[in-house]
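Below is one structure; the comments refer to it alone.
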Amino acid sequence: MAYGIWTTPAGPGPASPAELFIDSNTTFPQLRNRVSGNFTFNGDSCNLPINGWDGSGQIVIVPTGSVVWERYIPPNVTSDVYWIKNISVVNNSTFRVTMDYNVNGWTFDMAFNVYQIWPRANRNYGITFSNTADYFSISDSGTVGQCIWAWEGTINSSMQIPAISGFDMSRATVFANWSNGSAGLLYNPSNRTVYVYQNRSHNNGNTNQTGSISGVRIAVFCDGASVPTHNGGLNIYSPNGSQCVFSTYRTPFMVDHFMPMSGGNTSLTYPMIPLSYGAGAIRGSASGWYFQHTRSHTMNGSSFGTGYGRMIYSWSNQYDLGGGGALGLSIPVLDAKKIFRSIQ
């Protein structure tokens, strides 16, 4: 039999929410801060802020903007590509973004959400489960992310996610589950659009941004708005009692485990990963030309990885330029069965 706390969230919809079990081996992220803007690199790296972290638990950095850029540097015959190869935590107040090349003095437009994963509970009072996040240590400075939109269906080439009233969509993280061996997805936060890419190189007029994927599940998580209390569910308030910081009214942001963005087997039947606008860089070749792409996110069954994404630029294959590589960072993996009633 199931054990723990059981409830059914009220939303968000349009997909029906799954019944929610809060029990052993669950954890959740709390947004510490969002970093967004134009930042200048010192050598191959750039230090960015972490706000309000006391060193407990774990910090997870999730890119919400581009991680691959095209730059033309004279007198080169064509542009070249630059991508983030690693993101690491330096100390309680700083994380470091490292580029694949020395870009000293160059400025790049970047955006990240900085999450704190709370340490596992170790108390002898209140509600606690083994190897589970300490729900009673959520700080007054923020709330746990909540699912503000959940959808199931077919994406034909592209799909725009609606602007959800009361939330800053630039702070949202978009998770997806699908199963397709030949096509991947990318998400552009500037226009809130998810794009389908065939896992092959662009070939002159034959673009790889085409096709459809059926059986896609999208869950958008965000904070920044008040957490509504759940009549008949679990509500946790900040120590001063003035703010509800965790609620089961909407499906809360609960992480199953973490894996490298490059991918692997999740051991989940329906894994969900956060979508970016490029999971690295990859170079294709066709008809005497090179085509520089970002990497798309791919998923087939329990496994995910990267493939051909949006085409950035092209040049004659007489010049051995461009390149590729996947991002070296850890991303949260969610279990879609805990979000969508249709597969529970």
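Taking the six-membered ring where tryptophan is involved, the planes of Tyr277 and Tyr195 are tilted, since the angle between them lies from 30° to 60°. The aromatic rings of His202 and His293 sit tilted relative to each other, their planes meeting at an angle between 30° and 60°. Below 30°, between 30° and 60°, or above 60°: for Trp106 and Tyr82 the angle between ring planes is above 60°, a perpendicular geometry. Note on ring orientation: taking the six-membered ring where Trp is involved, the planes of Tyr290 and Trp315 are tilted (angle from 30° to 60°). Using cut-offs of 30° and 60° for the angle between ring planes, the Phe253 and Tyr115 rings count as perpendicular.
In Phe258, the CZ atom is crowded: over 12 heavy atoms of neighbouring residues, nucleotides or ligands sit closer than 6.0 Å. Counting non-hydrogen atoms of other residues, nucleotides and ligands closer than 6.0 Å to OH of Tyr101 gives a total of 12 or fewer.
In this structure, Asn208 contributes its side chain and Met311 its backbone to no donor-acceptor pair below 3.5 Å. Judged by distance alone, the side chain of Thr306 and the main-chain N or O of Ser296 form no donor-acceptor pair under 3.5 Å. Although no hydrogens or angles enter the test, the distance criterion places no donor-acceptor pair under 3.5 Å between the side chain of Asp100 and the main chain of Lys85. Here the side chain of Asn199 pairs no donor or acceptor atom with the backbone of Gly184 at under 3.5 angstrom.
Counted by atom type alone, Asn51 and Arg32 present zero donor-acceptor pairs between their side chains at under 3.5 Å. Side chains of Thr107 and Asn38: a donor-acceptor N/O pair is absent below 3.5 angstrom, by distance only. Ser182 and Asn180 form a side-chain donor-acceptor contact under 3.5 Å, judged by distance and modelled atom types alone. When only modelled atom types and interatomic distance are considered, Thr207 and Gln198 share no side-chain donor-acceptor pair under 3.5 Å. Asn206 and Arg200 share a donor-acceptor pair across their side chains, judged by distance under 3.5 Å alone. Between the side chains of Arg341 and Ser16, no donor-acceptor pair is found at a separation under 3.5 Å. Side-chain atoms of Arg283 and Gln292 include no donor-acceptor pair closer than 3.5 Å.
For the atom pair CG of Asp256 and NZ of Lys337, the computed distance is 11.0 Å after rounding to the nearest 0.5 Å.
Between Arg34 and Ser170 the shortest side-chain heavy-atom distance falls below 4.5 Å.
In this structure, Gly153 and Trp151 approach most closely via the heavy-atom pair C-CH2, 3.4 Å.
Leu185 pairs with exactly one of Ile273, Val196, Thr298 by the side-chain contact (heavy atoms from CB on, under 4.5 Å) rule, that one being Val196.
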Inset, instruction - For side-chain hydrogen bond (donor to acceptor under 3.5 Å, both in side chains), just list the numbers for Ser316 and Gln318, CA-CA rounded to whole Å, side-chain angles, deciding distance to a tenth of an Å, and then say yes or no. - result: CA-CA 5 Å; Ser316 169; Gln318 298 175 63; 3.1 Å; yes

Legend entry - Stepwise side chain to side chain contact (heavy atoms under 4.5 Å, CB included) check, Val114 with Ile59: CA-CA 7 Å; Val114 182; Ile59 289 293; 4.0 Å; yes

